[in-house]
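Written out below as structure tokens is the structure these notes cover.
Predicted model only: the values in this text are computed from it and were never measured.
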Amino acid sequence: MHGAMSNGPYDLLIIGGGINGAGIARDAAGRGLRVLLVERDDLANGTSSRSSKLVHGGLRYLEQYEFRLVREALAEREVLLSIAPHVTRPLTFVLPHDSGLRPAWMIRAGLFLYDHLAKRSRLPGSRSLDLGRAPEGKPLKPVFRRGFAYSDCWVDDSRLVVLNAIDAHERGAVIRPRCRFLSATPENGLWAARIRPVGNEPETVLARVLVNAAGPWVEQVLHDGLHLPRPRNLRLVKGSHIVVPRLYPGEQAYILQNPDRRVVFVIPFEQRFTLIGTTDIPFDGDPAQVAISAEETAYLCDAASRFLTIPVRPAEVAWAYSGVRPLYDDASADPSTITRDYVFDIMAGEGGPPVLSVFGGKITTYRRLAEHALAKLRPLLPAHNGPWTSHAPLPGGDVPGGDCTAFAATLQSGAPWLPAELARRLARTYGTRAERLLQGASGLADLGRDLGAGLTEREVAYLVEHEWARTADDILWRRSKLGLAGDAALGSRLDDYLAAKVNMTAR
């Protein structure tokens, strides 16, 4: 699926298949530029699949006076709801008031700004809550009598990455997961880059510009791959999350203030679970080996238990994950107050071609980051078209009216044999592209064997052919979260099936 290699130079060689790399690849390909993206593992294998799954303005960033970042992020909520309604949805947050921390007037002022910093048409404004009477107060301890509600959005983070990569590919970009960037040297005004696909010999490709979107490995690319100075403005911060059985009914999320002035989110997750996160801890190890600690698990359990009537215990954790955020070092002593804004650094050897490195950023603002990156690079690239991504649906995002519930019913009306839960999941995962997956099927048997958790052989084949999936983890934890719903043997069973039944030739 990655397409044929180019004989001439690429305009952009993008290193990193997370949300920033995939977003830049999509934007650049749609402008008519020649793009190659390489990712040493699976798409979204790193930080971009290990977020809090939120498209949000960042209410707490107002305390750091990050007004530009918050304004941009608030506006992007509306854009993403429009172009990707299948993988984003509105989410109401409830903020219980703790009078010992931030005063009520400060919260009201922050929410007023949150409501008015950017134009808002799809999401309701904030409101005060009497938690003693409102249904949103029932999961909370009775001591919390007053609260506030406001709107943000949930997003399937890893699918958002894959959708951007698919769109980039369909617009002409070459997307190569499991292809490691080794090094690059200047050659006649271009970069001569050595890359190595897994299981194959190294190749050399030429590019006018390198985009270093390697996330936590951005420094390694500069120093080890390009022999350029290590940046002094990179801070790595670990964020961890836990998933536990569903703690309360209702679809509202909670934002909980803690005595250390950090906030923790409690979010309904995958029907039967609750997601709790995140931590902010300085990190100096190998990002590929990041894992949650017992102390982080206890911190998140204690934070939730401080507010909720049902206590959360470490033994109840069904799944946990950690990611490393590559933040721009603004000299903040507290990791939780380091800016989440993005910064670009353009470097070049003497008379050599440029490399643009991306520091910071958040999944909410990835699309604007891509636009700004291409604006920075415009003088260095061939003539190309301008911004276009704000109104173009991502693959499957052209759901009529943006209503995935109605679209799931449409799928069922065309395929009455399709179970309601499977129709709902396919609509939420693939949007209108679910119709491609189901094409030609006249009964459930035509989808092949159910390998577990409703995952059929037909869906696995679709993910391998169209979404670069190669392993059970790719499918169960990044293309979906079916790993939570399946039995303990599902992963090994799926890997055996992939090895035996699917053409694993590199695309």
Would the distance check show the side chain of [X] and the main-chain N or O of [Y] forming a donor-acceptor pair, the cut-off being under 3.5 Å?
X: Tyr114; Y: Gly57; value: yes
X: Ser48; Y: Ile19; value: yes
X: Arg425; Y: Gly454; value: yes
X: Arg40; Y: Arg178; value: no
X: Arg378; Y: His384; value: yes
X: Ser51; Y: Thr47; value: no
X: Ser126; Y: Ala149; value: no
X: Tyr10; Y: Ile14; value: no
X: Arg262; Y: Thr278; value: yes
X: His169; Y: Glu467; value: no

Would you say the side chains of [X] and [Y] form a donor-acceptor pair under 3.5 Å?
X: Tyr342; Y: Asn20; value: no
X: Glu296; Y: Ser240; value: yes
X: Asn212; Y: Trp217; value: no

Is the ring pair His97/Phe148 parallel, tilted or perpendicular, if the boundaries are 30 and 60 degrees?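 Because their plane-to-plane angle is over 60°, the rings of His97 and Phe148 count as perpendicular.
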In terms of the angle between their ring planes, are Phe265 and His56 parallel, tilted or perpendicular, with boundaries placed at 30° and 60°?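 Perpendicular, since the angle between the ring planes exceeds 60°.
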With side chains defined as the heavy atoms from C-beta onward, is the minimum distance between [X] and [Y] less than 4.5 Å?
X: Leu129; Y: Arg146; result: no
X: Glu459; Y: Ser480; result: no
X: Phe359; Y: Asp345; result: yes
X: Val264; Y: Asn258; result: yes
X: Leu369; Y: Val358; result: yes
X: Trp468; Y: Arg479; result: yes
X: Val38; Y: Leu13; result: yes
X: Leu455; Y: Leu476; result: yes

Indicate yes or no: does Lys481 engage Glu270 in a salt bridge with an N to O separation below 4.0 Å.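 Here Lys481 does not pair with Glu270 in a salt bridge, since their nearest N and O are not under 4.0 Å apart.
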Hey, mind stepping through Leu222 and Ser357 against side chain to side chain contact (heavy atoms under 4.5 Å, CB included) and telling me if it holds? CA-CA 8 Å; Leu222 286 172; Ser357 296; 3.5 Å; yes
So, applying side chain to side chain contact (heavy atoms under 4.5 Å, CB included) with Ile276, which one of Ile267, Val243, Leu247 is it?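 Among Ile267, Val243, Leu247, the one meeting side chain to side chain contact (heavy atoms under 4.5 Å, CB included) with Ile276 is Leu247.
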For a quick test of reading the model, state the closest non-hydrogen atom pair linking [X] to [Y] and the distance between them.
X: Leu411; Y: Ala434; result: CD1-CB, 3.9 Å
X: Arg428; Y: Thr88; result: NH1-O, 3.7 Å
X: Ala373; Y: Leu356; result: O-CD1, 4.1 Å
X: Ile166; Y: Arg433; result: CG2-NH1, 3.8 Å
X: Leu226; Y: Ala184; result: CD2-CB, 3.5 Å
X: Pro96; Y: Leu140; result: CG-CD1, 3.8 Å

Kindly indicate, with the supporting measurements, whether the criterion salt bridge (charged side-chain N to carboxylate O under 4.0 Å, His left out) is fulfilled by Arg272 and Glu421. CA-CA 13 Å; Arg272 297 188 293 109; Glu421 176 55 29; over 6 Å; no
Could you go step by step and tell me if Leu80 and Cys153 meet the side chain to side chain contact (heavy atoms under 4.5 Å, CB included) rule? CA-CA 9 Å; Leu80 289 175; Cys153 301; over 6 Å; no
Under the side-chain contact (heavy atoms from CB on, under 4.5 Å) test, which residues partner Arg120, sequence neighbours left out?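 Arg120 satisfies side-chain contact (heavy atoms from CB on, under 4.5 Å) with Arg77, Glu78, Asp115, Leu123 only.
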Sole candidate of Arg34, Arg31, Arg208 that passes salt bridge (charged side-chain N to carboxylate O under 4.0 Å, His left out) when paired with Asp11: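 That would be Arg208.
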Phe67 CZ: over 12 foreign heavy atoms closer than 6.0 Å: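 Atom CZ in Phe67 is crowded, with more than 12 foreign heavy atoms closer than 6.0 Å.
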So how far is it from [X] [atom1] to [Y] [atom2], rounded to the nearest 0.5 Å?
X: Leu377; Y: Ile24; atom1: CG; atom2: CD1; value: 8.0 Å
X: Trp154; Y: Arg89; atom1: CH2; atom2: CZ; value: 4.5 Å
X: Tyr248; Y: Arg246; atom1: OH; atom2: CZ; value: 6.5 Å
X: Phe181; Y: Ile15; atom1: CZ; atom2: CD1; value: 4.0 Å
X: Asp42; Y: Asp473; atom1: CG; atom2: CG; value: 9.0 Å
X: Asn45; Y: Ser158; atom1: CG; atom2: OG; value: 10.5 Å

Dump the intermediate steps for side chain to side chain contact (heavy atoms under 4.5 Å, CB included) on Leu111 and Leu95, then the final yes or no. CA-CA 11 Å; Leu111 289 172; Leu95 194 165; 5.7 Å; no
Derivation of the side chain to side chain contact (heavy atoms under 4.5 Å, CB included) call for Trp319 and Leu484: CA-CA 8 Å; Trp319 181 46; Leu484 275 171; 3.8 Å; yes
What do you reckon, are the aromatic ring centroids of Phe407 and His86 less than 6.0 Å apart?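 That pair fails the under 6.0 Å test.
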Assess whether salt bridge (charged side-chain N to carboxylate O under 4.0 Å, His left out) is satisfied between Glu66 and Lys362, documenting all intermediate values. CA-CA 13 Å; Glu66 297 263 20; Lys362 50 199 251 111; over 6 Å; no
Can the positive tip of Arg71 be found less than 6.0 Å from the middle of the six-membered ring of Tyr61, inside 45° of the ring normal?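 Judged by the rule (NZ or CZ under 6.0 Å from the ring centre, within 45° of its axis), Arg71 is not positioned above Tyr61.
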